[in-house]
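Since the model is a prediction, treat every value here as computed from it, not as a measurement.
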Amino acid sequence: MCGMPSGESTQASVHEPELVRPTEEDRVAAAGSELIGGPLGRRALRGRSWWTPVRVIALVAIGMFALGLIQKAPCYNGAWFFGASSQYTHACYSDIPHLYQGRGFADGLVPYFDKLPGDMQYLEYPVLTGVFMEVAAWLTPGSGSIQDQEQWYWMVNAGMLMACAAVIAVCLTRTHARRPWDGLLVALAPAFALTATINWDLLAVALTAAAMLMWSRGRSLAFGVLLGLATAAKLYPVLLLGPLLVLCWRAGRWRAYGTALVGAAVAWLVVNGPVMLFAFDGWSKFYTFSQERGVDFGSFWLIMAQNSDDPLSTDTVNTFATLLMLLCCVGVAALALTAPRRPRFAQLAFLIVAAFILTNKVYSPQYVLWLVPLAALARPKWRDFLVWQACEVAYFLGIWMYLAYTTSGDAHKGLPTDGYHWAIGVHLLGTLYLCVMVVRDILMPERDPVRRSGDDDPSGGVLDGAEDAFVLGPAARPARHAAHFEGPQVEWGRTGATSGSL
């Protein structure tokens, strides 16, 4: 990458793959590199260097995370504690300090086992996230005022979440061996920095990123175990097993998929089993809360509800949202089995998680964290990534300004309902735009930045370069190439796959 060291800590051997440099194939990356010395070649350090891509990107990610902490400073210094709307006008809201007392951590209550005072009887988070929250509570000093304790609790959680951010950066950088500098997409993502400490989602994202790395290395069992742990922290990672099933079906890699599935199930049960057996009511709260929760922020369902005289009931929305998600799953499966070339795992992983986000009845601003690493692997193109990020930043500001409007009484400071609907629309369109780009890459593989570099599926593990065992429709015919494409013929896989199979 641009003005950066070449990334080899030692002289490259003839067996090491040549790294892909974004500044040589991405005009936006090349233009942005002028800020740090220009594209590789003018000031790059070649040969031996401590500054490998993974170290550079991890440090950049930590630096951006620190900037996100600074952005929360107005809340840390008072807006979380004084004035209902000031934490929204400063766009620095976080669930973490509020739930320290609100979910019984300040009183030493045990999550899932002890009932909470108020309407929420038990902690409404999956078990591994609850463990994360409890560990942070153990590390929080119990002396001082409740404000002091909440500030400490947020800082302890921030430190633990920063470690998660570093893990994500390292894992993503190493997943595509020839494209380490794509990790900068995550490290520099503004929405990633802004939303990192709103909630505890980074734990699941880090475990999912580690799982993706293990799959890319052909370690199916480790992938399954990590994905099971990720699902024990947040529900969305289990969605990745769907597209992986279809890809393994197309490639005939049933043994690897079975190993991953068993590993995921066992890891999930190890975490959830004890709580499920001894505190079932507390354990099930996350699932019942998700089912009973009404239409909420960020979804197109909210736009419909706020513009209707007779909004749909929660049960009806649940049914329709489930049907829409199932239709998206069928569409992704059909795409995987009929595409001219077998799609890359990261592409389908991004599409299925994006489909869940688009059809769900709620979209909290930190949910963007689920997509950022997958987007960097699925579509490592700076222009499209930044377009999407701009839409997410707009939504980030929109929801806080809307909440400022609704909590400021007669002053009406902030964004009214119609303006918030536009912010939701921008978020939805931005996500759909990136989905369209990924689908186009699948249907026209020579448009795919990863495959244009000559790779097949570097995050695919056992799928990388494997021949097809089962295909449908267009997949049995010659590949469709992008119209008016000028460039070298793509080599589909590095293990001898022919042009008619992958």
Checklist entry - Distance only, no hydrogens: is a donor on one side chain within 3.5 Å (strictly under) of an acceptor on the other, for S453 and R178? => result no

Checklist entry - With distance as the sole criterion, is a donor-acceptor pair present between the side chains of D95 and Q366 under 3.5 Å? => result no

Any donor-acceptor pair under 3.5 Å from [X] side chain to [Y] backbone:
{"X": "Q87", "Y": "Y76", "result": "no"}
{"X": "R250", "Y": "L245", "result": "no"}
{"X": "T129", "Y": "Y125", "result": "no"}
{"X": "R344", "Y": "L377", "result": "yes"}
{"X": "W301", "Y": "T359", "result": "yes"}
{"X": "S94", "Y": "I96", "result": "yes"}
{"X": "K72", "Y": "L194", "result": "yes"}
{"X": "S299", "Y": "L302", "result": "yes"}
{"X": "N77", "Y": "A73", "result": "yes"}
{"X": "T338", "Y": "G473", "result": "no"}

Next on the checklist: Taking the six-membered ring for Trp, are Y363 and Y395 closer than 6.0 Å centroid to centroid?
Outcome noted: yes

So how far is it from [X] [atom1] to [Y] [atom2], rounded to the nearest 0.5 Å?
{"X": "L244", "Y": "L463", "atom1": "CG", "atom2": "CG", "value": "6.5 Å"}
{"X": "W215", "Y": "D464", "atom1": "CH2", "atom2": "CG", "value": "12.0 Å"}
{"X": "M437", "Y": "D448", "atom1": "CE", "atom2": "CG", "value": "12.5 Å"}
{"X": "Y236", "Y": "T231", "atom1": "OH", "atom2": "OG1", "value": "9.0 Å"}
{"X": "L227", "Y": "F223", "atom1": "CG", "atom2": "CZ", "value": "4.5 Å"}
{"X": "T197", "Y": "L69", "atom1": "OG1", "atom2": "CG", "value": "5.5 Å"}

Checklist entry - Does the side chain to side chain contact (heavy atoms under 4.5 Å, CB included) test come out yes or no for V205 and W370, once each step is laid out? => result CA-CA 6 Å; V205 177; W370 306 355; 4.2 Å; yes

What closest approach, in Å, do [X] and [Y] show between heavy atoms, and which atom pair accounts for it?
{"X": "G398", "Y": "A423", "value": "CA-CB, 4.1 Å"}
{"X": "P373", "Y": "V186", "value": "CA-CG2, 3.8 Å"}
{"X": "V246", "Y": "A336", "value": "CG1-CB, 3.5 Å"}
{"X": "A404", "Y": "T89", "value": "CB-CG2, 3.7 Å"}
{"X": "F132", "Y": "C164", "value": "CE1-SG, 4.4 Å"}
{"X": "R379", "Y": "P449", "value": "NH1-CD, 3.4 Å"}

With a 4.5 Å limit on heavy-atom distance, are the side chains of [X] and [Y] in contact?
{"X": "P458", "Y": "T175", "result": "no"}
{"X": "L239", "Y": "M325", "result": "yes"}
{"X": "T208", "Y": "L240", "result": "yes"}
{"X": "L374", "Y": "M212", "result": "yes"}
{"X": "V295", "Y": "V362", "result": "no"}
{"X": "I424", "Y": "F300", "result": "no"}
{"X": "W181", "Y": "V56", "result": "yes"}
{"X": "L235", "Y": "P126", "result": "no"}

Checklist outcome for this item: Result for ring pair (Phe, Tyr, Trp, His ring centres under 6.0 Å) between Y93 and one of W154, W400, F396, W80 points to W400

Next on the checklist: Does F320, at its CZ atom, have more than 12 non-hydrogen atoms belonging to other residues, nucleotides or ligands within less than 6.0 Å?
Outcome noted: no

Next on the checklist: Quick check on R219: does its CZ atom have over 12 non-hydrogen neighbours (other residues, nucleotides or ligands) under 6.0 Å away?
Outcome noted: no

Next on the checklist: Please determine whether side chain to side chain contact (heavy atoms under 4.5 Å, CB included) holds for the pair S85 and K413, giving the CA-CA distance in whole Å, both sets of side-chain angles, and the decisive distance to 0.1 Å.
Outcome noted: CA-CA 9 Å; S85 64; K413 295 179 180 179; over 6 Å; no

Next on the checklist: If the condition is side-chain contact (heavy atoms from CB on, under 4.5 Å), which residues does A375 pass it with, not counting sequence neighbours?
Outcome noted: F350, F385, W388, L434

Between [X] and [Y], does at least one N-O distance fall below 4.0 Å, as a salt bridge requires?
{"X": "R447", "Y": "D441", "value": "no"}
{"X": "K361", "Y": "D296", "value": "no"}
{"X": "D384", "Y": "K381", "value": "no"}

Next on the checklist: Can you tell me how the ring of F297 sits relative to the ring of Y420, calling it parallel under 30°, perpendicular over 60° and tilted otherwise?
Outcome noted: perpendicular

Next on the checklist: Does L229 form a side chain to side chain contact (heavy atoms under 4.5 Å, CB included) with L128? I'd like the steps, not just the answer.
Outcome noted: CA-CA 7 Å; L229 294 176; L128 197 58; 4.2 Å; yes

Next on the checklist: List the residues meeting side-chain hydrogen bond (donor to acceptor under 3.5 Å, both in side chains) with Q389, not counting sequence neighbours, and say none if there are none.
Outcome noted: none

Next on the checklist: side chain to side chain contact (heavy atoms under 4.5 Å, CB included), that's the test. Do R342 and D468 meet it? Break it down for me.
Outcome noted: CA-CA 8 Å; R342 188 174 57 248; D468 284 331; 2.8 Å; yes

